[in-house]
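Nothing fancy with the numbering, it's 1 onward along the sequence.
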Amino acid sequence: RDFLFRIVDLELLASRGDAQRLLSQFGALLAAFSFTFAISFVPRYGLSNLPWDKLSKLGWVDQDLLIATTMAIAGMFTILAWNNVLPDRRDCLIFGLLPVRTRTIFLAKLAALGTALGVAVAALNIFTGLAYPFAIAAPGTGTLAVVQAFFAYWATMFAAGLAVCCTLLAVQAIAANLLSYRLFLKLSSFLQMAAFFVILGVYFLKPPYRAGFTWVPSFWFLGLFQKLNGAPGFDRLAAAAVRTVAVVCPLAFAAFSLAFHRYNRRIVEQPDIAPSDRSRPAMRLVSWFAAKLIPRSIERAVVLFTARTIARSRHHRLLLAAYGGIGLAVALAYARDL
């Protein structure tokens with residue numbers, strides 16, 4: 001429970017922010033998106049005059065959008081929890097003095113992450129997951145078809161969210177295992193920022209579903225959904241989705257368990273904010289440019305302090321990545337037609 005309410009970086013909250021309230025509001029916001037999708041997609045199936053075969057094929061685009069949105073939300077959630085997945089300084093200082101086994105802490109971290117991810121996926125699909133299976137069930141097929149569509153929908157959504165989450169965890173854990181602690185702290189936020197841009201870029205720029213495209217991850221899980229729902233012709237896409245889950249989940253678990261123990265031993269001995277050496281040529285060059293561009297010493301001091309804080313503090317780089325990712329999403333949304 002303690003890890004669950006700290007799963008999102010507290011630096012993103014206001015000074016009097018409440019993590020429990022933030023998570024509740026986040027879940028309500030996702031449920032509102034689900035309600036919007038439900039009232040937009042579901043009625044068109046019941047009110048359309050098209051033959052069912054053609055209508056079901058047109059529904060592939062809607063299903064791909066729902067799956068892609070679920071994957072994007074799972075990825076964004078994992079990025080927001082990036083700094084709290086591995087042990088932090090407070091965990092090491094407190095739990096290191098208590099009779100709590102490392103395995104217990106490790107499993108509690110996984111349980112908190114899995115619970116929060118499950119709540120996010122469930123909240124995003126709470127209305128569509130209950131209404132959409134009734135809409136896509138073929139007329140005259142009975143209750144069994146609805147139950148099959150219900151199972152296929154939720155199994156696909158959780159598998160898609162789990163695949164994205166485990167992929168990002170594997171990237172972070174592999175970097176933590178291969179790099180030294182100091183170097184990992186410097187590069188971790190840049191990996192986090194890159195993940196922001198990749199997820200938003202893929203979500204806004206990916207093409208709509210069409211037959212023959214096999215390189216978009218959301219298409220793989222669309223094939224898995226269709227295969228679980230009994231539709232023919234999606235064997236290749238469904239196999240790609242199954243392979244993805246079968247590979248990234250064990251890889252993430254193994255890499256994360258190794259990184260957890262390695263990270264836990266070294267975190268107390270190293271600072272979170274790395275000291276800077278102002279005697280280096282790069283630092284002298286930056287100071288020279290700042291003196292030329294900003295002649296007033298007070299303004300120059302504010303600018304340099306801000307730049308050095310962002311360069312040294314992973315929390316400030318997280319805020320920069322969040323706002324940069326939102327700016328990229330807006331830019332891609334308007335530039336897509338170009």
Side-chain angles (χ1 to χ4, degrees), residues 1-10 12-14 17-43 59 62-85 108-136 146-147 149-169 195-196 199-200 202-204 217-218 221-222 224-225 228-229 241 245 249 252 322 325-326 329:
R1 188 165 57 245
D2 177 67
F3 289 152
L4 178 61
F5 291 145
R6 290 195 292 121
I7 197 67
V8 177
D9 201 322
L10 296 180
L12 295 177
L13 300 175
D18 183 3
Q20 186 174 1
R21 179 179 299 177
L22 176 69
L23 293 178
S24 300
Q25 294 173 347
F26 184 66
L29 180 63
L30 295 180
F33 277 109
S34 178
F35 181 76
T36 303
F37 285 143
I39 63 176
S40 298
F41 293 160
V42 174
D62 297 342
Q63 296 157 19
D64 174 60
L65 177 60
L66 292 173
I67 294 171
T69 304
T70 300
M71 297 177 73
I73 291 298
M76 298 298 291
F77 162 77
T78 307
I79 293 173
L80 290 177
W82 186 275
N83 291 331
N84 288 329
V85 174
K109 283 278 187 181
L110 288 182
L113 183 63
T115 301
L117 177 64
V119 170
V121 173
L124 182 62
N125 296 277
I126 185 64
F127 292 104
T128 52
L130 295 177
Y132 199 75
F134 290 93
I136 62 175
V146 176
V147 173
F150 183 86
F151 168 77
Y153 184 92
W154 284 104
T156 301
M157 294 304 175
F158 279 111
L162 183 63
V164 174
C165 179
C166 289
T167 299
L168 294 176
L169 284 181
F196 258 104
I199 291 174
L200 293 175
V202 171
Y203 181 74
F204 283 100
S218 64
F221 290 93
L222 174 62
L224 178 62
F225 172 71
L228 293 176
N229 204 26
V245 176
C249 291
I326 294 172

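Neither side chain, N125 nor S34, offers a donor N or O lying under 3.5 Å from an acceptor on the other. In this model, no donor atom of one side chain and acceptor atom of the other lie less than 3.5 Å apart for S218 and Y203.
Under the side-chain contact (heavy atoms from CB on, under 4.5 Å) criterion, A111 pairs with no residue, sequence neighbours left out.
Side-chain contact between T69 and L124 is present, with heavy atoms from C-beta onward closer than 4.5 Å. Under the 4.5 Å side-chain criterion, counting only non-hydrogen atoms from C-beta, M157 is in contact with L66. Looking at M76 and L200, their side chains come closer than 4.5 Å, going by heavy atoms from C-beta outward. For the pair C165/L113, a side-chain contact is recorded, criterion being any heavy-atom separation below 4.5 Å from C-beta on. Residues V164 and T78 form no side-chain contact, since every pair of their non-hydrogen atoms from C-beta on lies 4.5 Å or further apart. Within the 4.5 Å cutoff, no side-chain heavy atoms of L30 are placed close to those of I126. Between F151 and N229 there is no side-chain heavy-atom pair separated by less than 4.5 Å. K109 is not listed as a side-chain neighbour of V85, based on a closest heavy-atom distance of 4.5 Å or more.
Listed here is the closest heavy atom pair of A195 and L168: CB-CD2, 4.0 Å. Minimum interatomic distance between L117 and A74 (heavy atoms only, all atoms of both residues): CD1-CB, 3.8 Å. Of all heavy-atom pairs spanning G27 and A123, the tightest one is O-CB, 3.6 Å. Minimum interatomic distance between A38 and T128 (heavy atoms only, all atoms of both residues): N-CG2, 3.6 Å. Residues L228 and A155 come closest through the heavy atom pair CD1-CB, 4.1 Å.
Residue T156 holds its OG1 atom at 4.5 Å from CG of L224, rounded to the nearest 0.5 Å. Atom-to-atom distance recorded for I73:CD1 and T70:OG1 is 8.0 Å, nearest 0.5 angstrom. With rounding to the nearest 0.5 angstrom, the CZ atom of F221 is 13.5 Å from the CZ atom of F158. Distance check, rounded to the nearest 0.5 Å: OG1 of T167 to CD1 of I199 gives 9.5 Å.
The aromatic rings of Y132 and Y153 sit tilted, their planes meeting at an angle between 30° and 60°. Relative ring orientation between F41 and F37 is described as parallel, the plane-to-plane angle staying below 30° on a 0-90° scale split at 30° and 60°.
Atom CZ of F33 has 12 or fewer heavy atoms from other residues, nucleotides or ligands within 6.0 Å.
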